[in-house]
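Just so it is clear: chains get the letters A, B, ... in the order the sequence lines come, proteins before strands, and each one is counted from 1.
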Amino acid sequence: MSVNNNATHIKTRFAPSPTGYLHVGGARTALFNYLFAKKFGGTFLLRIEDTDPERSKPEYSEQILISMKWLGLDWDEGPYHQSERMHIYQQYTQKLLEEGKAYRCFCTTEELEQMREQQRQQGLPTRYDGRCSRLTQEEIEERLKKGMPFAVRLKVPQDRGIIAWDDMVKGHIEINSSELDDFILVRSDGTPTYNFAVVIDDHTMGVTHVLRGEDHIPNTPKQILIYEALDWETPEFGHVPMILGKDKTKLSKRHGAVGVEAYRDEGFLPEALFNFLALLGASYDPDREVYTKQELIELFDPKKIGLHPAVFDPDKLYYINREHMKMLPPEELVERIRPFAEAKGFQIEPYHLRLIPLLVERMHTLKDFVELADYIFTDDFTVDEKAQELLTKDLPLEGLAEQLDATAWDADHIEAVLRQYAQDKGIKPREYFPFIRAVISGKSVGPSLFHLMEAMPKDMVLRRLKKS
RNA sequence: GGCCCGGUGGUCAAGCGGUUAAGACACGGCCCUUUCAAGGCUGUAACACGGGUUCGAGUCCCGUCCGGGUCACCA
């Protein structure tokens, strides 16, 4: 891969099929392509592979674009839609047919199934036997005249031998062309199959580097054959390992959330998910795991991607998210929290900014701010179990609000007043402080009490102390 | 089953012929402390197995086992 990166303009692509939301696995390969293009000042293009009308839906396509934008995977070109490029595929089909590099296959589904069944019984691999390639010109004319539907198959050269490529992540990979049969390029309804469309698109769009999931390895030799038939230069290929769930099987819904938007809704920062996904199955600097997008662009190298599948570890994601929340300026973090507060019917107020430094340490997601500190939004806050217990103690409060009111509103002075008050009443601070916390916040846990009080509006605190 | 890709602690991973086999997450302990976190210190824990090659193998070769992927007129 140390190839002509400087000589040629790098162009990568992400080509999802709109059959669902953006899967984190897909997001990761999109991300790798993005990083690669950005690193070399190249172009990252987006192409929607919607040639399957059965499963493709416009709303899915829309959702994928939204998720990509949210994640920060902005594309420079596209989105192109394969469904709008049918005329281009036809052009090349014609060319291959004329040059004898592809041929019409009139076999019916039943006929093919029968053939496979026979092969299975004989313990042979199920491959197309190429019967239609042996049709004479007359036989072909005759079937055409009868209006028989046909698919178009690539004629795999008999003497092709070993098909090999130097994979950007896996290294040298090779496969014997005898493993391949004359696969279908164009369906009998005239639409191109995946492999055919991909090759034509990648070439005509000028894609130079293809980074995709390793489930595409078996497709690569087929595509190479198509490139050769069309007399085109092949791009560089790189196959990245899959993402697995906790049980080491391919990550799917069974393992929990797999859609990117689910993570957005759960309160993860896009920069955190970006970071996490970039690091899943890869390592750029052995001593770090928290990176900004810019750093990842600079450090990215397909060679740094591991060779084996990686398990998706939510714990690590939480950790990365936490780190990124800490990195954000409080003013910015508040803005990210705002939608989650509003979803609960709360409004962000200017003073909430002061709570950020106190709470960010115990937040795992943006959602947590509201969960952890509902008491700064409303007097109708929840009271946790231990706090309820504390409140039954019925410790003295009379006069406290007045004393606090008379002092400067900062942590040191508040602490001094509280300690003095407890001492006057003969109560141990260990017993009194948790009680006060329960009174003003309904919680048995939280930030340093005095700093919390300092950050809260004075009138809010005094009001609660008086009310109890 | 054929073909392809893999296999370092529970997880992510450094390593690229000679190391006490890093680091991070998670987990346990200690410190700090009004609580919970955070932070600091610290602990448990790994080269799938068997043969080679070599003075020497996690690192190279072969086999076994295990895991994953793929075998469509889906993408």
Any chance you could measure A/S178, atom OG, to A/I162, atom CD1, to the nearest 0.5 Å?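 Atom-to-atom, A/S178:OG and A/I162:CD1 are 7.5 Å apart.
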Starting at [atom1] of [X] and ending at [atom2] of [N], how long is that distance when rounded to a whole Å?
{"X": "A/K250", "N": "B/A75", "atom1": "NZ", "atom2": "P", "answer": "15 Å"}
{"X": "A/H172", "N": "B/G6", "atom1": "NE2", "atom2": "C1'", "answer": "17 Å"}
{"X": "A/L452", "N": "B/A37", "atom1": "CG", "atom2": "C1'", "answer": "13 Å"}
{"X": "A/I175", "N": "B/C71", "atom1": "CD1", "atom2": "P", "answer": "12 Å"}
{"X": "A/I440", "N": "B/U35", "atom1": "CD1", "atom2": "C1'", "answer": "12 Å"}
{"X": "A/Q223", "N": "B/A75", "atom1": "CD", "atom2": "P", "answer": "12 Å"}
{"X": "A/M325", "N": "B/A38", "atom1": "CE", "atom2": "P", "answer": "12 Å"}
{"X": "A/E361", "N": "B/A37", "atom1": "CD", "atom2": "C1'", "answer": "7 Å"}

Are OP1 or OP2 of [N] and a side-chain N or O of [X] less than 4.0 angstrom apart?
{"X": "A/H216", "N": "B/C4", "answer": "no"}
{"X": "A/T191", "N": "B/C73", "answer": "no"}
{"X": "A/R212", "N": "B/C5", "answer": "no"}
{"X": "A/R127", "N": "B/A72", "answer": "no"}
{"X": "A/Y319", "N": "B/C25", "answer": "yes"}
{"X": "A/K222", "N": "B/C71", "answer": "no"}
{"X": "A/R116", "N": "B/C71", "answer": "no"}

With nearest nucleotide decided by heavy atoms, which residue, A/P218 or A/E174, maps closer to the 5′ end of RNA chain B?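 Here A/E174 is the residue nearer the 5' end.
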On RNA chain B, does the nearest nucleotide to A/V311 precede the nearest nucleotide to A/H364 from the 5' side, or the other way round? Give the residue.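 Result of the comparison: A/V311.
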Does a distance-only test, which skips hydrogens and angles, find a donor-acceptor pair under 3.5 Å between the side chain of [X] and the base of [N]?
{"X": "A/D287", "N": "B/A22", "result": "no"}
{"X": "A/K316", "N": "B/A24", "result": "yes"}
{"X": "A/S188", "N": "B/C73", "result": "yes"}
{"X": "A/S448", "N": "B/U34", "result": "yes"}

Taking the same atom, [atom1], in [N] and in [M], what whole-Å distance lies between them?
{"N": "B/U44", "M": "B/G28", "atom1": "P", "answer": "16 Å"}
{"N": "B/C4", "M": "B/U11", "atom1": "P", "answer": "28 Å"}
{"N": "B/C30", "M": "B/G67", "atom1": "P", "answer": "41 Å"}
{"N": "B/A38", "M": "B/C32", "atom1": "C1'", "answer": "11 Å"}
{"N": "B/U8", "M": "B/G15", "atom1": "C1'", "answer": "9 Å"}
{"N": "B/C47", "M": "B/A22", "atom1": "P", "answer": "13 Å"}
{"N": "B/G29", "M": "B/C62", "atom1": "P", "answer": "48 Å"}
{"N": "B/G7", "M": "B/C49", "atom1": "C1'", "answer": "12 Å"}

Just call it for [X]: base, sugar-phosphate, or nothing, with non-hydrogen atoms closer than 4.0 Å on any strand.
{"X": "A/L307", "result": "sugar-phosphate"}
{"X": "A/I320", "result": "nothing"}
{"X": "A/A197", "result": "nothing"}
{"X": "A/P221", "result": "nothing"}

Applying a 3.5 Å limit to both distances, which nucleotide forms a Watson-Crick or G-U wobble pair with [N]?
{"N": "B/G50", "result": "B/C62"}
{"N": "B/A72", "result": "none"}
{"N": "B/A21", "result": "none"}
{"N": "B/G67", "result": "B/C5"}
{"N": "B/A57", "result": "none"}
{"N": "B/G28", "result": "B/U42"}

Under the 3.5 angstrom rule, does the side chain of A/T12 hit a backbone N or O of A/N33 as a donor-acceptor pair?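 Present.
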Where the side chain of A/R464 meets the backbone of A/V439, is there a donor-acceptor pair that is under 3.5 Å apart?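 It does not hold such a pair.
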Cation-aromatic face contact A/K293/A/F274, 6.0 Å, 45 degrees: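 Output yes; distance and angle both within limits.
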Geometric cation-pi criterion A/K367 and A/F340, 6.0 Å radius, 45° cone: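 No, A/K367 does not sit over the ring of A/F340.
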Answer yes when A/K386 and A/D384 have at least one side-chain N-carboxylate O distance shorter than 4.0 Å, and no when they do not.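 A salt bridge is absent here (no side-chain N lies under 4.0 Å from a carboxylate O).
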Is it true that A/R153 and A/D181 have a side-chain N and a carboxylate O under 4.0 angstrom from each other?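 No, A/R153 and A/D181 are not salt-bridged.
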List in chain and number order the residues that pass side chain to side chain donor-acceptor pair (under 3.5 Å) with A/H87, two or more places apart in sequence or in another chain; answer none if no residue qualifies.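 For A/H87, no residue satisfies side chain to side chain donor-acceptor pair (under 3.5 Å) once neighbours in sequence are set aside.
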